[in-house]
Novice: 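The structure under discussion is supplied below as structure tokens; questions concerning it will follow.
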Number of protein chains: 2
Amino acid sequence: MKAYRGFLIDLDGTVYKGTEKIAEAIDFVKELERRGLPYLFLTNNSTKHPSDVSDKLVSMGVPSTAEHVFTTSMATANYIKEQQADAKVYAIGEEGLHMAIEECGLKEVEEGADVVVMGLDRDISYEKLTKGALNIRAGARFIATNGDVALPTERGFLPGAGSLISVLSVTTGVQPKFIGKPESIIVEQALEVLGTSKEETLMIGDNYATDILAGINAGIDSLLVHTGVTTKADLDLIEVKPTFTINSLAEWTFGE
Amino acid sequence: MKAYRGFLIDLDGTVYKGTEKIAEAIDFVKELERRGLPYLFLTNNSTKHPSDVSDKLVSMGVPSTAEHVFTTSMATANYIKEQQADAKVYAIGEEGLHMAIEECGLKEVEEGADVVVMGLDRDISYEKLTKGALNIRAGARFIATNGDVALPTERGFLPGAGSLISVLSVTTGVQPKFIGKPESIIVEQALEVLGTSKEETLMIGDNYATDILAGINAGIDSLLVHTGVTTKADLDLIEVKPTFTINSLAEWTFGE
């Protein structure tokens, strides 16, 4: 087994399922901490601030600080900053997105935006969508935190960021640049934070279509764990396999 | 010139432009009235009640009653009623849609719907979209008043019904059945109201992609008038031409 020096770890379906913890995953993260191996939790949830995510993890017994969490909102704000450091941004999203934009030193505006950025917004309104559309029609670049079309909840599958974002792409005819998994951008941003190279980093997740494809698209090794979305039967139909597949993180053997 | 016995007439771009009347069109409608030729205004605007549309027309000097107006909301409610007379409907839309459903004797519900119907709703919310998605995932049929992606206004092009509707189609993977122009359904429903046959009816409008295609799709003759969206240059690029094309309705010659 190759001795990976850095770990990017998905959350929902990998470390917990909703409010239920996955014990083998928590033991795995504790082992990473014991060995002093750097890790970063990588989530397409754009709505929360990393400190809130970390609080939830700590309450479940996962060793974590806010610095261990990297959200697609943070990746999106970083990406905009890299492209244009003084970009004026019109943002449609929740607290996690607005705070990431602010923490990057970017300025939010209502009109005359250089960039329209959109993520999941459960307080969506026609006026917000109107301002997004008008800014894009006036020439703003269009960036989206993630393309997930559905959000698993206790009520069932609710509309995800990708479905809300389609209002702006359909009405303007402009396709957004997506940042979150399965895109490589979020992985590349995360590697900069983690400080490890592509060759020595492993992407771990339960969802082939987001987590594993993000690893493959970014050119890093991937580990699929069957504790969430993707089943063994699903995987049989897929040509490009993850580097590793296991039933639970208890099965993982650390290389030396 | 063929002597048409019935006329389906688009509104915005054909009879008026926003708040500005088109004098030649008003004279044309007056001539229809003088000759006792039946006409029906056919609109993809799902938000208004026919009496409100008629009030606007009367204020511009157009001879009209509520019975002269047929909206895509009325066509949609009629269509649902024909398919299933006791259908329970979850509706996302404005007053025009809710009133059309009520006037058809259909019952609106929040869950357990047989049909989810959606039109333009400028009071859209995540909760409405959630209920729409959950009803469709539970097996409700999905019907949309119209697919217009943009709404021309004084502020510019705002998100139209077709863009809001994409939230539900993207999140559920279910494509809606569209009712409004350019679909043939609204034309067929309108002919039933007008009481004339396909052979003796003319569809008049300014927009090739909606009005004229609706006529073509329904198998009736069409008249494009260059007072709105479609220009002569646009038309040069189109293979299937309208039956007639004129600059203004003042040019129309009635057959005997």
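What you see below is based on every heavy atom in this structure, not just the backbone, and it leaves out hydrogens, waters and symmetry mates. Chain A is the first sequence line, chain B the second, and so forth, proteins listed ahead of strands; every chain is numbered from 1.
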Novice: Can you say whether Leu120(B) sits under 4.5 Å from chain A via the side chain, the backbone, both, or neither, judging by heavy atoms?
Specialist: side chain

Novice: Working to the nearest 0.5 Å, report the span between CG of Leu151(A) and OH of Tyr126(B).
Specialist: 5.0 Å

Novice: Applying the side-chain contact (heavy atoms from CB on, under 4.5 Å) criterion to Ser163(B), which one of Leu168(A), Thr171(A), Thr172(A) satisfies it?
Specialist: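 In the set Leu168(A), Thr171(A), Thr172(A), the residue that makes a side-chain contact (heavy atoms from CB on, under 4.5 Å) with Ser163(B) is Thr171(A).
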
Novice: Checking an interface table here. Which of residues 88-100 of chain B come within a heavy-atom distance under 4.5 Å of chain A?
Specialist: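 Within residues 88-100 of chain B, no residue comes under 4.5 Å of chain A, counting heavy atoms only.
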
Novice: Looking only at heavy atoms and a cut-off of under 4.5 Å, which of Ile124(A), Asp123(A), Asp121(A), Leu134(A) has the most pairs with chain B?
Specialist: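 If we count pairs closer than 4.5 Å to chain B, Leu134(A) comes out on top.
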
Novice: Mind jotting down which residue pairs meet the salt bridge (charged side-chain N to carboxylate O under 4.0 Å, His left out) criterion with at least one end in residues 133-151 of chain B? Sequence neighbours excluded, please.
Specialist: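 Qualifying pairs, neighbours excluded: none.
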
Novice: Do other residues, nucleotides or ligands put more than 12 heavy atoms under 6.0 Å from the NZ atom of Lys241(A)?
Specialist: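 More than 12 within 6.0 Å, yes.
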
Novice: Around atom CD of Glu102(B), are there more than 12 heavy atoms from other residues, nucleotides or ligands closer than 6.0 Å?
Specialist: no

Novice: Under a 4.5 Å heavy-atom cut-off, does chain A meet the side chain of Ile165(B), its backbone, both or neither?
Specialist: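 Looking at Ile165(B), nothing touches chain A.
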
Novice: Salt bridge check, Arg155(A) against Glu127(B): does any charged N sit closer than 4.0 Å to a carboxylate O?
Specialist: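 Salt bridge flag = yes for Arg155(A) with Glu127(B).
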
Novice: Tell me whether Lys56(B) at atom NZ has more than 12 heavy atoms from other residues, nucleotides or ligands lying less than 6.0 Å away.
Specialist: yes

Novice: Given the options Pro159(A), Gly156(A), Ala150(A), which has more heavy-atom pairs under 4.5 Å with chain B than any of the others?
Specialist: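 That would be Pro159(A).
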
Novice: Mark yes when over 12 heavy atoms from residues, nucleotides or ligands other than Lys177(A) sit less than 6.0 Å from its NZ; otherwise mark no.
Specialist: no

Novice: Taking the side chain as every heavy atom from C-beta outward, state whether Leu129(B) and Leu164(A) have any pair of such atoms under 4.5 Å apart.
Specialist: yes

